[in-house]
Amino acid sequence: MMKLIACSLLATSLVASMCAAETVDPFMGDWQGRVTLGDGPPQDVAVHLIPRGGGNYEARVVRAFNERSPVLHRLQGRVADGQLRLLDAIPFDPAHVLRAVEDGVVVQAAYWTSAVQNGAVEGTVAGRLQGTFVWRQSTRVSPTLGKEPPAGAVVLFDGSNLEAWKKVGDDGARAGWKLLADGSMEVKGGDIVTRRVFGDQQLHLEFKLPYMPYASGQGRANSGVYLQGRYEVQVLDSYGLEGEDNECGGVYQVAKPLVNMCAPPLQWQTYDITFRAARFEDGHKVANARLTVIHNGVVIQDDIELPKATGGAIDPNEAVPGGLKLQDHGNPVQFRNIWLLER
Ligand code: MG
């Protein structure tokens, strides 16, 4: 495949780690190309191929990446025998019923059939819709991946040890997360929090979601980044989904991401977060905490207000500084290259 060739030629650790996904599931992820239906003009599209396990996928065809746009086609896919076959999964709609038969109804559907070659698919649409499509695999890489801590930064994790961290709720106990040979750490044995506490800050952090194609919802690669140990920016495999407040980059019950920038599992991604702590005068809050999140290079939370601590806060008292918490939600999410600038 094209991308496999590119991966072996560009043998940097960054590209190598991106390409880990290829060996596990060479089809999941971003595709781009054109769809031509009926007499209409060719339309440029972006496609999220979301793995559902066992060679099954959900394809969400949208107008473009990196923006919140309606889904043009939502297809059920299956890869077998070098072909990607997709079925237009229209919800039951009487307008599409052809005729009733004894054991049900015959519904018009569209069948997208294509051959897979060199990281591209080229095929035809038949049935309810008629047309052709050509898609090529692509990978969006965060522009801040591997960003070095600037002068004056507090390095919280550089891959060498977990000394800056302790286990939550077990004062002083060392963090038991797994240190991996590639310079990352993996969730294990409970939430962890930095020993140091912080107020206003600019945080850089990288994370990688595990491949859990059969899992769904909040059980699919869940973790979380808690500013001051009390405001969670969600970490979740919500690749290709709508972008809700409980999905990746969302702040639960406070704000959806402006756009869902979640990368597919097994690809390193970044949060660059600017945080301003709540302000208090004479024991009364005079300003809410505020947050800007740049996810994989795109602003997804733009200076939003955080009215109160979110669920799972170590200490909901917003008047005191707090450490950076990373959540153990039972899934082997990995983190690396974590540092912040105090402001
Ligand atoms: Mg979470």
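Atoms within each ligand, like the ligands themselves, are counted from 1 in listed order.
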>> Using 2.8 Å as the threshold, say whether any N, O or S atom from Q234 sits that close to the Mg ion (ligand 1).
In response: yes
>> Can you tell me if, anywhere in N222, an N/O/S atom lies at a distance from the Mg ion (ligand 1) that is smaller than 2.8 Å?
In response: yes
> Quick one: are the ring centres of Y226 and Y231 less than 6.0 Å apart?
Replying inline: no
> Salt bridge between K167 and D191, side-chain N to carboxylate O under 4.0 Å?
Replying inline: no
> Vertex the Mg ion (ligand 1): angle to O of S223 and OE2 of E232, to 10°?
Replying inline: 90°
>> Please confirm whether the ring centroid of F198 lies under 6.0 Å from the ring centroid of F275.
In response: no
> Looking only at heavy atoms, which two atoms of V134 and E122 are closest? And how far apart?
Replying inline: CG2-CG, 3.8 Å
